[in-house]
Amino acid sequence: MISLSISNNVAEVVLDAPHKLNSLDEQALAELSQAYDDAAAAASRGDVRALLLRGEGRAFCAGRDIQGVNPENDDAATYLSGLVEPLLKKMSTFPAPTFAAAHGACLGVGLGLLLATDVVYVAENAKFGSPFAKLGATLDSGGHWYFTERLGMHRTLDLIYTAELISGTEAVAQGLFSRAMPADELLETTRAIVAKVARGATGAFTASKELVAHIRDQRLGLWEAMAEENTEQARLCKTDDYAEGFRAFQEKREPQFGG
């Protein structure tokens, strides 16, 4: 269901249940959590300096696997609070840059996986939104916060009430994700970018990742954020990557970062 491979300092995590659009049951969530633990352990050894998350088949992830779920005794709170939320927190604090390549349906928990990833590239024909009106349920996995933050109250509730889906092209135009591209170019392009980032200054990237999260969560103003940037820069200037970056610039060559 979930696979992890590591090559050239890149961890690639794959949702591999195409027959059910990579929807996630409790076992799949546990496997996904373990894959991130294993990749983080490799990152601590310096073997992973970037991570790519993707899905096999026609969709990235259609959300929770509800086949076999009895709505009369379903414990949705345990599924979401006990499994999904801890996983998304773990993903969001992964100790290296993370990327996702998303195509097809990206709904529910599948959307949550993207929200917990640093950079998301999407296929132009990918689908995002809240189909839960048809289930008598509500958007989950951080979707309310993210849509309200990016789209505003009116557009968020429009999508929730109508259960209409927007395309990858629309999602990028509305500021939800980073880039949209043709589906047949998505994986190759994303892999090339991730490989390049994995050769970069991982420590500096991780510092920026933490700064952006802190600015978002604490609603920092300009001068507060600048003070934190100054602190991080003072720390980074004592690292080997900082020295190598300056030497390479002065010598007009490409830097060789150790991460």
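Reckoned from all heavy atoms, side chains included, excluding hydrogens, waters and symmetry mates.
Under the 3.5 Å distance criterion, the side-chain polar atoms of S141 are left unmatched by any main-chain donor or acceptor of G143. For E224 (side chain) and G221 (main-chain N/O), a donor-acceptor pair under 3.5 Å exists by modelled atom type. Side-chain atoms of S81 never come within 3.5 Å of backbone atoms of T78 as a donor-acceptor pair (strictly under, hydrogens ignored). Although no hydrogens or angles enter the test, the distance criterion places no donor-acceptor pair under 3.5 Å between the side chain of T190 and the main chain of L187. In this structure a side-chain-to-backbone donor-acceptor pair under 3.5 Å is missing from H103 to D184. The main-chain N or O of G175 is found under 3.5 Å from a side-chain atom of R150 such that the two form a donor-acceptor pair.
When only modelled atom types and interatomic distance are considered, S33 and K90 share a side-chain donor-acceptor pair under 3.5 Å. E170 and S167 form a side-chain donor-acceptor contact under 3.5 Å, judged by distance and modelled atom types alone.
Atom CG of L114 and atom OG of S178 lie 12.5 Å apart (nearest 0.5 Å). For the atom pair NE2 of H144 and CE of M153, the computed distance is 12.5 Å after rounding to the nearest 0.5 Å. The distance from atom CG of N9 to atom CZ of R199, rounded to the nearest 0.5 Å, is 10.0 Å. Taking CD1 of I193 as the start and NZ of K196 as the end, the distance is 8.5 Å to the nearest 0.5 Å. Taken from CD in E85 to NZ in K89, the straight-line distance is 4.0 Å, to the nearest 0.5 Å. For the atom pair CD (E12) and CG (L52), the distance works out to 4.5 Å, reported to the nearest 0.5 Å.
Salt-bridge check for R216 with E149: failed, with every basic side-chain N at 4.0 Å or more from each acidic carboxylate O. Under 4.0 Å is where a charged nitrogen must lie from a carboxylate oxygen, and between E244 and R253 at least one such pair does.
One hydrophobic cluster holds both L53 and F128 under the rule that ILVMFWY side chains link at heavy-atom gaps under 4.5 Å. Both L135 and Y161 belong to a single network of hydrophobic side chains, linked directly or stepwise wherever heavy atoms of I, L, V, M, F, W or Y lie under 4.5 Å apart. Hydrophobic clustering of Ile, Leu, Val, Met, Phe, Trp and Tyr side chains at less than 4.5 Å, counting indirect connections, unites W145 with L151. Criterion: ILVMFWY side-chain heavy atoms under 4.5 Å apart, direct or through other members. Under it, L80 and I160 are part of a common hydrophobic cluster. The hydrophobic cluster containing V197 also contains L186, counting ILVMFWY residues as joined when their side-chain heavy atoms lie under 4.5 angstrom apart, directly or transitively.
Remark: K252 engages no residue in a side chain to side chain donor-acceptor pair (under 3.5 Å) (not counting sequence neighbours).
Side chains of I166 and L176 form a contact here, defined as non-hydrogen atoms less than 4.5 Å apart. Considering only heavy atoms from C-beta on, F132 comes within 4.5 Å of L139 through its side chain. With contacts defined as side-chain heavy-atom distances shorter than 4.5 Å, the pair I6/V48 qualifies. Counting heavy atoms from C-beta outward, F147 and L157 have side chains that stay 4.5 Å or more apart. Here the side chains of D140 and L111 are not in contact, with every heavy-atom distance at 4.5 Å or above. Residues M1 and D16 have side chains not in contact (no heavy-atom distance under 4.5 Å, counting atoms from C-beta outward). Residues F205 and R49 form no side-chain contact, since every pair of their non-hydrogen atoms from C-beta on lies 4.5 Å or further apart. Proximity of L15 to L32: side-chain heavy atoms (C-beta onward) are separated by under 4.5 Å at one or more points.
Nearest heavy atoms, L51 versus A39: CD1-CB, 4.0 Å. Minimum heavy-atom separation, E232 to A207: OE1-CB, 3.3 Å. The two atoms that bring A198 and V10 nearest to each other are CB-CG2, 3.6 Å, heavy atoms only. Closest approach of P255 and G245 over heavy atoms only: CB-CA, 4.4 Å. Nearest approach of F94 to A43, heavy atoms of both residues: CZ-CB, 4.4 Å.
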So V13 and I2, side chain to side chain contact (heavy atoms under 4.5 Å, CB included) or not? Walk me through it. CA-CA 7 Å; V13 178; I2 308 295; 4.1 Å; yes
Could you check L165 against L107 for side chain to side chain contact (heavy atoms under 4.5 Å, CB included), going step by step and ending with a plain yes or no? CA-CA 9 Å; L165 303 181; L107 307 171; 3.9 Å; yes
CA sep, side-chain torsions, deciding dist, call: R191, E188, salt bridge (charged side-chain N to carboxylate O under 4.0 Å, His left out): CA-CA 5 Å; R191 278 176 168 162; E188 181 180 357; over 6 Å; no
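In this structure, R64 satisfies the cation-pi test against Y79, with its NZ or CZ atom closer than 6.0 Å to the six-membered ring centre and inside 45 degrees of the ring normal.
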Sequence neighbours excluded and cut-off under 3.5 Å, please list the side-chain donor-acceptor pairs for residues 115-124, or say none.
from, atom 1, to, atom 2, distance (Å)
T117, OG1, L113, O, 2.8
D118, OD1, T98, OG1, 3.4
D118, OD1, K209, NZ, 3.4
D118, OD2, T98, N, 2.9
D118, OD2, T98, OG1, 3.3
D118, OD2, K209, NZ, 3.1

Going by atom type alone, with no hydrogens or angles, which donor-acceptor pairs under 3.5 Å involve a side-chain atom of residues 22-29 and a protein atom two or more places apart or on another chain?
from, atom 1, to, atom 2, distance (Å)
N22, OD1, A17, N, 2.7
N22, ND2, E56, O, 2.8
N22, ND2, A59, O, 2.9
N22, ND2, F60, O, 3.2
S23, OG, K20, O, 3.0
D25, OD1, Q27, N, 3.3
D25, OD1, A28, N, 2.8
Q27, NE2, E31, OE2, 3.2

